[in-house]
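Written below as structure tokens is the structure these notes are about.
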Amino acid sequence: MDVMKKSLQLHEQWQGKIEVVARVPVSSKEDLTMAYTPGVAQPCLEIQKDVNRSYELTRRHNLCAVITDGTAVLGLGDIGPEAGMPVMEGKCVLFKSFGNVDAFPLCIKSKDVDEKLKEKCDIPIFHDDQHGTAIITLAALTNALKVVGKKKEDVRIVTSGAGAAAISIVKLLLSAGYRNIIMTDRTGAIYEGREKLNWIKEEMAQVTNRNRETGTLQDVIKGADVFIGVSAPNTINGDMVKTMNRDPIVFACANPMPEISYEDAKTAGAKVVATGRSDYPNQVNNVLAFPGVFRGTFDVRASDINEEMKMAAAEAIASLVSDEELNEDYILPKAFDPRVGKTVAKAVAEAARKSGVARI
């Protein structure tokens, strides 16, 4: 039985992957008095006097919402909020299993995007497809460079895709000290002064491709040390990989079909290949990041998840692969490694304290 058919059968049996379980008994009159009215009035009044008490008197300290409008679910596109629910439930299961974070799926039937949501809220906002992918990519690249014996200051990076994920990856790489990065979209290389760039691409053009290289992806990938794909299947081929610098690193992360297959990339000479798939080595899997990131965020009641916290998470993930274990087919710890969540949480909490966003 193939994976898709078996998964569908299991989902029919499960009828949902999460449920709400009460933490207190309500089996007597006294139980009801304490958990609900009239006893519940007192904690309400305490929180009214000091809102921070809500972290101590309610489950607020461990709750997060996993939100989608269903417009970009996995590699399936705009499938609607209802159709996105199985993915959101799955992510909530991972939050609980790997970070002991209580997560609730909210699938919203609206496409009215408020660009300032993060700025308006005093609670952490985390876009997993953007920030989670960026963290794992940085961790993977940190170790991949060790395998090929290159330094981040020296490598030339080319990306395929200039959407939300690619932009977040590039911003985090820049924060981490990478400098020579060229982004490409369907038109080709993004550079300052190129016509018909939207506002975010114009912003990225000011901090990437400072030599203003022009041409298609096929043109600019020549001589590159690293290719990072967050775009579409079959975007590059073996002949293009052969034009890259010695011991090229290829991260082909489009899901479910990568920009180039693992086999084709290796045959063409790629030294380290990563994909978004679990059936090949070096899976760029966000589950390595978001449970621990939120655990650490909650542990210090951080008001934000900033670049320092993301870099700390990436460094923590990369550190879990020892020099003795590190090789071209093992640059990231396994998703079920019990050390990951705790190590990431500790690093994120410390970075939150150092960067001034920790409330406790």
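In this chain, residues are counted from 1 in sequence order.
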TODO: Would you confirm whether R277, through its side chain, and N255, through its main-chain N or O, come within 3.5 Å as a donor-acceptor pair?
DONE: no
Task: V207 reachable from V230 in the ILVMFWY side-chain graph, under 4.5 Å edges - done: yes
Task: Taking every non-hydrogen atom, the tightest pair across C107 and M85 - done: SG-SD, 3.6 Å
Task: Step-by-step salt bridge (Lys or Arg N to Asp or Glu O under 4.0 Å) determination, K171 to E203 - done: CA-CA 11 Å; K171 284 183 175 180; E203 181 180 296; 3.6 Å; yes
- [ ] Indicate yes or no: at least one non-hydrogen side-chain atom of D225 is less than 4.5 angstrom from one of P248.
- [x] no
Open item on the list: How about NZ on K354, more than 12 heavy atoms from neighbouring residues, nucleotides or ligands closer than 6.0 Å, or not?
Closed with: no
Task: Six-ring centre of Y55, R60 cation under 6.0 angstrom, axis tolerance 45° - done: yes
- [ ] Mind running side-chain hydrogen bond (donor to acceptor under 3.5 Å, both in side chains) on Y178 and E153 for me, showing each step along the way?
- [x] CA-CA 6 Å; Y178 293 82; E153 298 85 1; over 6 Å; no
Open item on the list: Between K222 and E213 (salt bridge meaning N to carboxylate O under 4.0 Å), is one present in this structure?
Closed with: no
- [ ] Verify, without hydrogens or angle tests, whether R339 (side chain) and L320 (backbone) share a donor-acceptor contact under 3.5 angstrom.
- [x] yes
TODO: Provide the closest heavy-atom pair for A205 versus R210 in the form atom of the first, atom of the second, distance.
DONE: O-NH1, 2.8 Å
Open item on the list: Side chains of S355 and N306 only: does a donor on one sit below 3.5 Å from an acceptor on the other?
Closed with: yes
Task: Interatomic distance, F298 atom CZ to D102 atom CG [nearest 0.5 angstrom] - done: 8.5 Å
TODO: Report whether M311 and V300 are members of the same hydrophobic cluster (ILVMFWY, side-chain heavy atoms less than 4.5 Å apart, transitive linking).
DONE: no
Task: Residues K201 and D185 bridged, charged N to O under 4.0 Å - done: yes
TODO: Indicate if I79 and V66 have the same hydrophobic cluster label, given that clusters are the connected sets of ILVMFWY residues with side-chain heavy-atom separations under 4.5 angstrom.
DONE: yes
Task: Exceeds 12 heavy-atom contacts within 6.0 angstrom, atom CZ of R23 - done: no
TODO: Any chance you could measure E328, atom CD, to I249, atom CD1, to the nearest 0.5 Å?
DONE: 11.0 Å
Task: Distance-only side-chain donor-acceptor flag, N285 / S278, under 3.5 Å - done: no
- [ ] Return yes if some donor-acceptor pair links the side-chain N/O of Q283 with the main-chain N/O of G276 below 3.5 Å, else return no.
- [x] yes
- [ ] Locate the shortest heavy-atom distance separating A265 from V250; write the atom from each residue and the value.
- [x] CB-CG1, 4.4 Å
Open item on the list: Could you check whether any side-chain N or O of N143 sits under 3.5 Å from a backbone N or O of I331, counting only pairs where one atom can act as donor and the other as acceptor?
Closed with: yes
Task: Sidechain-backbone polar pair: E259 side chain, C253 backbone, donor-acceptor under 3.5 Å - done: yes
Open item on the list: Less than 3.5 Å apart, any donor N or O on the side chain of S322 or E325 sitting next to an acceptor on the other?
Closed with: yes
Task: Side chain E89, main chain K17, donor-acceptor under 3.5 Å - done: yes
TODO: Please answer whether the main-chain N or O of P333 pairs with a side-chain N or O of D337 as donor and acceptor at a distance below 3.5 Å.
DONE: no
Open item on the list: To check you understand the geometry: which heavy-atom pair defines the closest contact between A189 and V220, and what is its length?
Closed with: CB-CG1, 3.9 Å
Open item on the list: Could you check whether any side-chain heavy atom of V226 comes within less than 4.5 Å of a side-chain heavy atom of L141, counting everything from C-beta outward?
Closed with: yes
TODO: Treating Ile, Leu, Val, Met, Phe, Trp and Tyr as nodes and any side-chain heavy-atom pair under 4.5 angstrom as an edge, say whether F336 and V344 lie in one connected cluster.
DONE: yes
Task: Euclidean distance, E192 CD relative to E202 CD, rounded to 0.5 Å - done: 9.5 Å
- [ ] First locate atom CD of Q15, then atom CG of L10, and finally report the distance between them rounded to the nearest 0.5 Å.
- [x] 12.5 Å
TODO: State the OG1-CG distance between T275 and N282, to the nearest 0.5 angstrom.
DONE: 8.0 Å
Open item on the list: Just verifying a value: how many Å separate Q218 CD and T243 OG1, rounded to the nearest 0.5 Å?
Closed with: 7.5 Å
Task: Greater than 12 external heavy atoms within 6.0 Å of K150's NZ - done: yes
TODO: Answer whether the closest heavy-atom distance between the side chains of L173 and K152 falls below 4.5 Å.
DONE: no
Open item on the list: Between S7 and V3 (side chain of the first, backbone of the second, donor and acceptor by atom type, cut-off under 3.5 Å), is there such a pair?
Closed with: no
Task: Over all atoms of both residues, closest heavy-atom pair of A335 and F98 - done: O-CE2, 3.4 Å
Open item on the list: Between S54 (side chain only) and V51 (backbone N and O only), is there a donor and an acceptor less than 3.5 Å apart?
Closed with: yes
Task: Ring-ring centroid check F126 F290, cutoff 6.0 Å - done: no
Task: Within-4.5 Å side-chain heavy-atom neighbours: F227 and S160 - done: yes
Task: NZ/NE/NH1/NH2 to OD/OE distance under 4.0 Å, D2 and K6 - done: no
Task: Enclosure of Y330 OH (heavy-atom neighbours >12, cutoff 6.0 Å) - done: yes
Open item on the list: Between S28 and D31, is the side-chain hydrogen bond (donor to acceptor under 3.5 Å, both in side chains) condition met? List the steps.
Closed with: CA-CA 5 Å; S28 69; D31 290 344; 3.2 Å; yes
Open item on the list: Test your reading of the model: is there a side-chain donor-acceptor pair from R179 to the backbone of L174, 3.5 Å cut-off?
Closed with: yes
TODO: Search all heavy atoms of S175 against all heavy atoms of E307 and return the closest pair with its distance.
DONE: OG-OE1, 3.3 Å
TODO: Following the transitive rule for hydrophobic clusters with a side-chain heavy-atom cut-off under 4.5 Å over Ile, Leu, Val, Met, Phe, Trp and Tyr, establish whether I181 and Y191 coincide in one cluster.
DONE: no
